[in-house]
Amino acid sequence: MRYSAGLINTVREVPSEAEVISHQLMLRAGMIKKLAAGVYSFLPLGYRVIRKIEEIIRKEMDQAGAQEVFLPVLCPAELWQDSGRWSVYGPELMRCKDRHNREFCLGPTHEEVITDLVRREVKSYRQLPLNLYQIQTKFRDEIRPRFGLMRGREFIMKDAYSFDCDEAGADVSYQRMKETYQNIFRKCGLKFTMVEADTGAIGGNFSHEFMVLADSGEDLVVSCQKCSYGSNIERAECLPSKEKALPDAPLKPVEAVLTPKYTAVDEVADFLKVKKDEGVKTLIMKADEQEVVVLMRGDHELNEVKLKNLLNAVDIVMADEATIETITGGSVGFSGPVGLERVKIVADYSVQNLFNFVTGANKKDTHLVNVNWGRDCPVPQFADLRLVTETDRCPRCQDKLTITRGIEVGHIFKLGTKYSKALKAEYLDQKGDEKTIIMGCYGIGVGRTMAASIEQNHDKDGIIWPMPIAPYQVLVLPTDVTDKNIKDTAHDVYKQLLACGIETIIDDRDERPGVKFKDADLLGFPLRITIGSRSLKQGVIEIRIRKTGENLQVPKDDYKNRVIKLIQELQPQE
RNA sequence: CGGGGCGUAGCGCAGCCUGGUAGCGCACCGGUUUUGGGAACCGGGAGUCGGAGGUUCAAAUCCUCUCGCCCCGACCA
């Protein structure tokens with residue numbers, strides 16, 4: 001590729017729309033361009049990266065025995081009504097109507113479509129197991145598209161679906177995808193970690209996420225320093241807190257204390273001279289329009305996903321002021337469990353062992369001290385409802401936990417029969433009995449993987465592409481194309497490398513060297529060969545490694561071998 | 001959807017408060033000199049000032065409405 005013939009426009013200044021580094025660099029490198037919020041065009045260099053990631057995915061998926069298909073983006077509403085998700089998916093589903101007023105949606109994921117296909121095609125156990133995948137544009141009308149390719153409303157996703165006769169087979173399929181995903185991300189040159197995850201709107205029994213660790217990540221990843229335990233914080237289990245021995249002395253009588261204007265746990269604890277973990281905070285939530293009171297220890301945070309799963313709710317939000325006042329009869333900031341009737345109360349395990357604790361009085365500017373379960377308020381339902389913190393211990397091995405930010409680039413689910421049952425995807429087994437197919441589904445965000453790679457591989461000068469997904473492996477850079485000797489040598493090197501099957505681009509623009517060096521760094525090609533008067537005089541070829549900044553001077557007759565070797569060395573190690 | 005911010009040339013911004021010729025830097029086009037880490041000078045093209053309505057002799061500027069975009073929360077590959 002000749003640079004001068006390419007559509008490559010780099011920009012010096014950071015566009016104001018970009019917050020995270022991958023977004024900034026992709027815009028500055030002219031790899032993507034925004035058309036609308038969360039909707040991006042890929043320009044030639046950017047699209048080359050996408051295609052490289054896609055090819056790695058295809059190769060690994062095919063090797064795992066999966067077959068590629070291509071499903072429609074436009075999906076009829078009926079299928080979604082059958083699965084029940086037409087109403088559940090909410091405004092995130094891009095809906096539209098055709099000229100006959102029939103309803104459709106733009107596929108945000110394809111369980112319905114693929115299950116429909118399979119139920120029509122598969123009749124016998126002889127046709128199973130099956131793993132079908134596609135790489136395609138998905139649509140989700142996200143409330144807030146963010147961070148460029150990281151969270152778009154239109155995005156490229158690889159989605160795969162497995163179909164098995166029984167649980168054992170489904171486990172094998174799941175396991176195979178788990179390994180395949182690790183291969184894919186490793187071959188893309190990413191550092192990642194696999195964690196347990198919540199199943200969310202897709203549903204199913206259990207799932208794993210593949211996380212690229214990066215500060216800009218939207219997820220929090222909990223991992224054990226000792227064993228292999230890793231989990232999305234949404235799912236991370238909390239070990240029950242150590243039991244506090246009940247006091248020998250009889251429980252103290254409840255007392256109301258004036259705490260004017262103090263609503264925050266910190267303030268109340270300070271004011272009453274107690275520790276934060278000696279108080280119970282009371283959250284009034286709405287779970288699908290049903291009010292529920294949640295009790296947490298003062299120093300803990302609610303994990304909304306756990307609450308959602310406990311209540312089997314679709315949507316959880318904080319109740320508004322009016323609702324809180326109706327339920328508690330008091331003002332916001334002074335809620336407590338005492339005297340609450342006719343409302344569901346759930347509490348985190350950590351408050352189970354508290355006694356003589358502090359809580360709101362459901363009365364303005366008032367808190368209660370020495371509250372005790374049973375005596376002063378009903379004993380609520382206890383459950384694991386809180387967010388893990390770094391002071392918690394690993395639920396598997398009791399060692400220390402760390403919490404880091406991560407970008408979810410892949411997610412695999414064991415679905416079970418959620419969709420096959422709803423859509424009646426069945427087969428006949430050996431005995432001729434009708435059985436429901438067991439499913440799994442497996443997603444990879446292709447654009448997000450590209451963004452995550454940049455988050456992980458960049459420096460102050462720009463992108464540093466891992467070799468396997470770089471738009472070009474080598475950039476040949478003549479410092480001055482008006483010098484015939486330099487120009488001819490550069491073109492010769494360029495042709496030689498192409499002849500070796502190396503993906504090469506030559507910066508044949510009539511620009512000053514500084515401009516070309518800056519662009520080379522920004523665009524992030526792994527290897528750069530500089531042809532200038534300096535190296536010509538010395539009779540050497542100069543190879544620069546983007547990642548390390550190392551400059552190699554190699555003999556003219558050996559440079560091809562060196563380039564080939566360097567390309568190999570820069571491949572991810574097995 | 002709630003909270004905050006921003007819409008002026010392809011990009012980054014000034015001008016708005018106090019109404020009166022639409023500006024700067026980068027990028028782009030032509031020219032001269034330059035050429036190993038974002039060159040200098042000369043000349044040039046490019047703008048419905050997000051949109052609609054209003055106030056006014058006069059609106060980028062004041063008022064009302066509206067649309068878009070970005071950031072913080074709920075969603076997720």
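As the structure is a computational prediction, the values presented were derived from the model and not from experiment. In what follows, every heavy atom counts, from backbone to side chain, and hydrogens, waters and symmetry copies are set aside. In what follows, chains are A, B, ... by sequence order, proteins preceding strands, each numbered from 1.
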So which heavy atom on [X] is nearest to which on [Y], and how close?
X: L93(A); Y: L106(A); answer: CD1-O, 4.4 Å
X: F147(A); Y: S216(A); answer: CE1-O, 4.2 Å
X: L307(A); Y: V346(A); answer: CD1-CG2, 3.9 Å

Original post:
P atom, rG44(B) versus rU61(B): distance in rounded Å?
Top reply: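 Between the two P atoms, the distance is 30 Å.
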Original post:
Expressed as a whole number of Å, how far does the C1' atom of rC49(B) sit from that of rG37(B)?
Top reply: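 Nearest-Å result for rC49(B) against rG37(B) at atom C1': 38 Å.
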Roughly, in whole Å, what's the span from [atom1] in [X] to [atom2] in [N]?
X: L220(A); N: rC76(B); atom1: CG; atom2: C1'; result: 15 Å
X: E455(A); N: rA77(B); atom1: CD; atom2: P; result: 19 Å
X: R509(A); N: rU35(B); atom1: CZ; atom2: P; result: 19 Å
X: M157(A); N: rA77(B); atom1: CE; atom2: P; result: 6 Å
X: L523(A); N: rG37(B); atom1: CG; atom2: C1'; result: 15 Å
X: D141(A); N: rA74(B); atom1: CG; atom2: P; result: 18 Å
X: E218(A); N: rA74(B); atom1: CD; atom2: C1'; result: 12 Å
X: I541(A); N: rG36(B); atom1: CD1; atom2: P; result: 18 Å

Measuring from the side chain of [X] (C-beta onward, heavy atoms only), which nucleotide among [options] has the closest atom?
X: R151(A); options: rG36(B), rA74(B), rC76(B); result: rC76(B)
X: T479(A); options: rA74(B), rA39(B), rG36(B); result: rG36(B)
X: D219(A); options: rA39(B), rA77(B), rC76(B); result: rC76(B)
X: S533(A); options: rC76(B), rU34(B), rG36(B); result: rG36(B)
X: K518(A); options: rG36(B), rA74(B), rG38(B); result: rG38(B)

Original post:
When the ring planes of Y174(A) and H208(A) are compared, do they come out parallel, tilted or perpendicular, using 30° and 60° as the limits?
Top reply: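 Rings of Y174(A) and H208(A): tilted, 30 to 60°.
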Applying a 3.5 Å limit to both distances, which nucleotide forms a Watson-Crick or G-U wobble pair with [N]?
N: rG45(B); value: none
N: rU35(B); value: none
N: rC13(B); value: rG23(B)
N: rC76(B); value: none
N: rA59(B); value: none
N: rC69(B); value: rG5(B)

Original post:
Under 3.5 Å, is there a donor-acceptor pair between the side chain of N131(A) and the main chain of S162(A)?
Top reply: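 Checking the backbone N and O of S162(A) against the side chain of N131(A), no donor-acceptor pair under 3.5 Å is found.
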Original post:
Sub-3.5 Å donor-acceptor pair from the side chain of K158(A) to the main-chain atoms of V446(A), do we have one?
Top reply: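 No; zero donor-acceptor contacts below 3.5 Å.
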Looking for any heavy atom pair under 4.0 Å, which part of the strands does [X] touch: base, sugar-phosphate only, or nothing?
X: G447(A); answer: nothing
X: G532(A); answer: base
X: K286(A); answer: nothing
X: V14(A); answer: sugar-phosphate
X: E154(A); answer: nothing
X: I143(A); answer: base
X: D519(A); answer: base
X: V515(A); answer: base

Output one line per pair: protein atom, nucleotide atom from nucleotides 68-71 of chain B, and distance, for all N/O pairs under 3.5 Å.
unit_1  : atom_1 : unit_2 : atom_2 : d
rC69(B) : OP1    : A37(A) : N      : 2.9
rC69(B) : O3'    : K34(A) : NZ     : 2.9

**OP:** Report yes if the distance between the aromatic ring centroids of Y442(A) and H411(A) is under 6.0 Å, otherwise no.
**Re:**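 No, ring centres 6.0 Å or more apart.
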Kindly say whether, by distance alone, the side chain of [X] makes a donor-acceptor pair under 3.5 Å with the base of [N]?
X: D461(A); N: rG37(B); value: no
X: D521(A); N: rG37(B); value: yes
X: R528(A); N: rG36(B); value: no

Subject >> Note, V409(A) side chain near M211(A) side chain (heavy atom, < 4.5 Å) >> reply: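 The answer is no, as the side chains (C-beta and beyond) never meet within the 4.5 Å cut-off.
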**OP:** Would you please determine if the base of rA77(B) is stacked by F155(A), with stacking meaning a centroid separation under 5.5 angstrom and planes under 30 degrees?
**Re:**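 Yes; by the centre-distance and plane-angle rule, F155(A) counts as stacking on rA77(B).
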Subject >> Pair Q134(A)-D159(A), side-chain hydrogen bond (donor to acceptor under 3.5 Å, both in side chains): steps then yes or no >> reply: CA-CA 6 Å; Q134(A) 64 168 342; D159(A) 47 326; 3.1 Å; yes
Could you run down the sub-3.5 Å N/O contacts of the protein with nucleotides 23-26 of chain B?
unit_1  : atom_1 : unit_2 : atom_2 : d
rG25(B) : N2     : E13(A) : OE1    : 3.1

**OP:** Could you tell me whether K487(A) atom NZ has more than 12 heavy atoms of other residues or ligands within 6.0 Å of it?
**Re:**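 Not more than 12 within 6.0 Å, no.
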Original post:
Going from CD1 on I529(A) to OH on Y494(A), what distance comes out if it is rounded to the nearest 0.5 angstrom?
Top reply: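 That separation rounds to 12.5 Å.
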Subject >> Donor + acceptor pair across side chains of R528(A), T530(A) (<3.5 Å) >> reply: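 There is such a pair between these side chains.
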